[in-house]
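Read through the structure below, which is laid out as structure tokens, and then see the notes.
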Protein chains: 2
Amino acid sequence: MSDASLWSALADPHRRAIVALLLERPRPVGEIVEACGLSQPSTSKHLKVLREAGLVRVRQDAQRRVYALDPAPIAELDAWLAPYRELWNRSLDALGRRLDETPDDTSHAPEEPTMKD
Amino acid sequence: MSDASLWSALADPHRRAIVALLLERPRPVGEIVEACGLSQPSTSKHLKVLREAGLVRVRQDAQRRVYALDPAPIAELDAWLAPYRELWNRSLDALGRRLDETPDDTSHAPEEPTMKD
DNA sequence: TGGTTATATTCCTGTCAAGGAATACAGATC
DNA sequence: GATCTGTATTCCTTGACAGGAATATAACCA
């Protein structure tokens, strides 16, 4: 469910920048506005998207709202990534010749040739 | 900046489905069309996006074009993820237990090729 | 209460991406 | 060359999203 919003939330470079800022430490909106060079409304809208994706959470501090990273969805991403990481490790193994078309890498791929049509 | 195109390429659920299909094995376009339930032109357009993001590569086989996953950009994603994974581990440590949510038993499988988000 | 600060929301507009239909293109076979 | 298959591309329409300006809301303070 949150998967779709998670990916699309992180698809925006500004939002990734915000997430990177929050990786260092939690920050109030004003600080994010200043650091990103976005307008305050725009920043608030991005923060809303990140909130709805579960990537950040808010703590109210007087009039300020301090945003902090919530790493749980990141773990989701990580889990999604896992099978691909394996493939990547295998292909690192089989490295040596990776020009754009090398049909002989099937000797290292465990399950390629079942391509009957 | 293949980074931007990488994220936006994966932001689309159909394209993630295609990528998941190609994780199993390389496939010609027709097979992807059938598996995803998209039209052929739409599928070709998605494949173009994935190609331009470096996520897939093509091998020509007679009239068919066989697409295969290229795991290198995935490694880029993984690198981006690394600092957050650290944060996640730290918070796991400090947390102990905050699992009132559904346990993510599907967390090790990539998305089903059937588009569900 | 009124004013000030900090943030969120609404309205509007331009841009961009997705999907469908039709078409173009490439390779194979005859 | 004619034609068939498989795939890519173009054109068009529609919907989603980003950003700016103005405004609303909430918390604090005098």
Side-chain angles (χ1 to χ4, degrees), chain A residues 1-19 21-22 25-68 100-101 103 115-117, chain B residues 1-19 21-22 26-68 111 114-117:
Chain A
M1 306 291 184
S2 77
D3 213 41
S5 64
L6 173 59
W7 280 98
S8 55
L10 289 174
D12 185 276
H14 289 139
R15 287 196 287 265
R16 287 201 302 280
I18 292 176
V19 163
L21 277 174
L22 296 182
R25 64 170 179 278
R27 296 174 194 258
V29 177
E31 219 176 299
I32 301 172
V33 167
E34 200 176 335
C36 287
L38 289 170
S39 72
Q40 177 269 313
S42 190
T43 304
S44 269
K45 278 180 270 187
H46 282 305
L47 286 170
K48 181 179 187 177
V49 174
L50 291 172
R51 239 185 300 133
E52 288 172 348
L55 280 160
V56 301
R57 55 184 197 279
V58 193
R59 173 175 56 93
Q60 189 126 12
D61 171 38
Q63 312 112 332
R64 284 180 303 180
R65 295 195 163 206
V66 180
Y67 280 80
D100 48 22
E101 36 193 47
M115 201 122 57
K116 51 173 173 74
D117 81 292
Chain B
M1 262 201 211
S2 76
D3 213 42
S5 65
L6 174 59
W7 280 99
S8 56
L10 289 173
D12 185 278
H14 290 138
R15 286 195 289 264
R16 287 201 303 279
I18 291 177
V19 163
L21 276 174
L22 296 182
R27 295 175 195 258
V29 177
E31 219 176 297
I32 301 172
V33 166
E34 199 176 337
C36 286
L38 288 169
S39 73
Q40 178 269 312
S42 189
T43 304
S44 269
K45 279 181 269 187
H46 282 306
L47 285 169
K48 180 179 187 178
V49 174
L50 292 172
R51 239 185 300 134
E52 288 171 348
L55 280 160
V56 302
R57 56 183 196 280
V58 194
R59 171 174 58 92
Q60 189 126 12
D61 171 38
Q63 311 112 332
R64 285 178 304 180
R65 296 193 163 209
V66 180
Y67 280 82
E111 281 184 359
T114 69
M115 60 230 68
K116 59 165 172 121
D117 24 359

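All chains are named by letter (A, B, ...) in the order of the sequence lines, taking the proteins before the strands, and each is independently numbered beginning at 1. Basis for what follows: all heavy atoms, side chains included, without hydrogens, waters or symmetry-related copies.
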What nucleotide, of [options], holds the atom closest to the side chain of [X]?
X       : options               : answer
A:Ser42 : D:dG20, C:dG20, D:dA8 : D:dG20
A:Gln63 : C:dA6, C:dT10, C:dA8  : C:dA6
B:Pro41 : C:dA8, D:dT9, D:dG19  : D:dT9

Describe the nucleic acid contact of [X] in one word from base, sugar-phosphate, nothing, applying a heavy-atom distance below 4.0 Å.
X       : result
B:Ser44 : base
B:Lys48 : sugar-phosphate
A:Pro28 : sugar-phosphate

_Measuring only between side-chain heavy atoms, which start at C-beta, is A:Pro28 closer than 4.5 Å to A:Asp61?_
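Answer no - side chains too far apart.
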Measure [atom1]/[X] against [atom2]/[N] and give the value in whole Å, please.
X       : N      : atom1 : atom2 : answer
A:Lys45 : C:dA6  : NZ    : P     : 20 Å
B:Leu38 : C:dG20 : CG    : P     : 7 Å
B:Arg65 : D:dT5  : CZ    : P     : 19 Å
A:Trp7  : D:dA16 : CH2   : P     : 22 Å
A:Asp12 : D:dG19 : CG    : P     : 6 Å
B:Gln60 : D:dT5  : CD    : P     : 18 Å
A:Arg15 : D:dA16 : CZ    : P     : 15 Å
A:Arg59 : D:dA26 : CZ    : P     : 20 Å

*Side chain A:Gln40 and base C:dA8 donor-acceptor under 3.5 Å*: yes
Is any side-chain nitrogen or oxygen of [X] closer than 4.0 Å to OP1 or OP2 of [N]?
X       : N      : answer
B:Arg64 : C:dA26 : no
A:Ser39 : D:dG19 : no
A:Tyr67 : C:dA6  : no

*Within the side chain of A:Arg27, is there an N or O that forms a donor-acceptor pair under 3.5 Å with the backbone of A:Ala68?*
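Such a contact is absent between A:Arg27 side chain and A:Ala68 backbone.
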_I'd like to know if the side chain of A:Arg65 reaches the main chain of A:Arg59, judged simply by a donor and an acceptor atom lying under 3.5 Å from each other, with no hydrogens or angles considered._
no
*Minimal non-hydrogen separation, A:Ser42 against A:Leu38, with atom names*: OG-CD2, 4.2 Å
_A:Arg15 vs A:Leu10, test: side chain to side chain contact (heavy atoms under 4.5 Å, CB included). Steps then yes/no._
CA-CA 6 Å; A:Arg15 287 196 287 265; A:Leu10 289 174; 5.8 Å; no
_Of A:His46 and A:Ala62, the one whose closest DNA chain D nucleotide lies more 5'_ =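 Closest to the 5' end, via its nearest nucleotide, is A:His46.
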